[in-house]
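We count ligands from 1, going down the list as the structure has it; atoms in each ligand are counted the same way.
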Amino acid sequence: MTARRPLVAGNWKMNGLSTSAAELERMIDAAGPVASAGVELMIFPPATLIARLAARAAGTPISIGGQDCHARPSGAHTGDIAAEMLADAGAHAVILGHSERRTDHGETDAVVRAKAEAAHRAGLVRVVCVGETLAERAAGRAVAVVARQLEGSVPDGATGYDLVIAYEPVWAIGTGHVPTAADILEMHAAMRALLRQRFGGEADAIRLLYGGSVKPDNARTLLTLTDVDGALVGGASLKAADFLAIAAAYV
Ligand code: PGA
């Protein structure tokens, strides 16, 4: 099996003002041991902070990404941000299809796929999010729902260099609830199998993150499961100490 480098990514969502640069500073200061252990670190701040934090993070173990992009490179799309603009601001990656965007902005799999193609055009790593609702899990449809999202949201030709998948059960995000180890193992194995069907051996290089209420005290249990290659962390990524304690699951 291809060795996949662990990735711990922090999604700051709509949190962070210019004073948050100090938190990134603390992360950079304390990232050494985790980075030396081979863990890749990314922070996804709000768009207003990307240029500033990317400039500060350049040459450090932390890279900066955006939380969404538009599918078009430019044009009459008030309030939107093109993938090219994220790259121009210093972003290396972009989160796409987060459940909050799927819900709040009605993003469909087709929309997410178009954005993922745009991100690739701009040279950004795509972190594509998938995950079932509680009702879908209760109905025994979790794997089928995620399979459909993967199929619809991930563009052709993806590789381990330009695509990361984040499995985030909607009901686990910000709730303190996490799936059982058996449920995560089942889902990640299913995702890996689907990616193999589509991308052959390259699928073994695509990292599959788990996201949803990852905290320092559950990180080791969740992140060392087979086929879990890292975490997408929301709330606990806002504090340097918590974020790095999660990444320390791999040290
Ligand atoms: P959470 O968010 O860690 O606060 O549950 C995860 C996410 O939405 O990526």
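At least one heavy atom of Lys13 sits closer than 4.0 Å to an atom of ligand 1. Under a 4.0 Å heavy-atom criterion, Ser213 is in contact with ligand 1. Heavy atoms of Gly174 come nearer than 4.0 angstrom to ligand 1 in at least one pair.
Looking only at distances, no side-chain donor or acceptor of His105 sits under 3.5 Å from a matching main-chain atom of Glu107. The backbone N or O of Ala249 lies less than 3.5 Å from a partner atom in the side chain of Arg220, making a donor-acceptor pair.
Geometrically, ligand 1 and Gly234 share a nitrogen or oxygen pair separated by less than 3.5 Å. In terms of N/O distances under 3.5 Å, ligand 1 is approached by His98. At least one N/O-N/O distance between Gly235 and ligand 1 falls below 3.5 Å.
Val228 and Met42 are not part of a single hydrophobic cluster, where members link through side-chain heavy atoms under 4.5 Å apart.
In the displayed structure, Arg101 atom CZ is contacted under 6.0 Å by more than 12 heavy atoms of other residues, nucleotides or ligands.
Counting atoms of ligand 1 from 1 in the listed order, those under 4.0 Å from a heavy atom of Glu168 are 6 (C), 7 (C), 8 (O), 9 (O).
Glu117 has no carboxylate O lying under 4.0 Å from a charged side-chain N of Arg121, or vice versa, which leaves the two without a salt bridge.
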- Do His98 and Gln67 pass the side chain to side chain donor-acceptor pair (under 3.5 Å) test, and can you show the C-alpha distance, the side-chain angles, and the key distance before you say yes or no? CA-CA 8 Å; His98 189 281; Gln67 298 175 11; over 6 Å; no
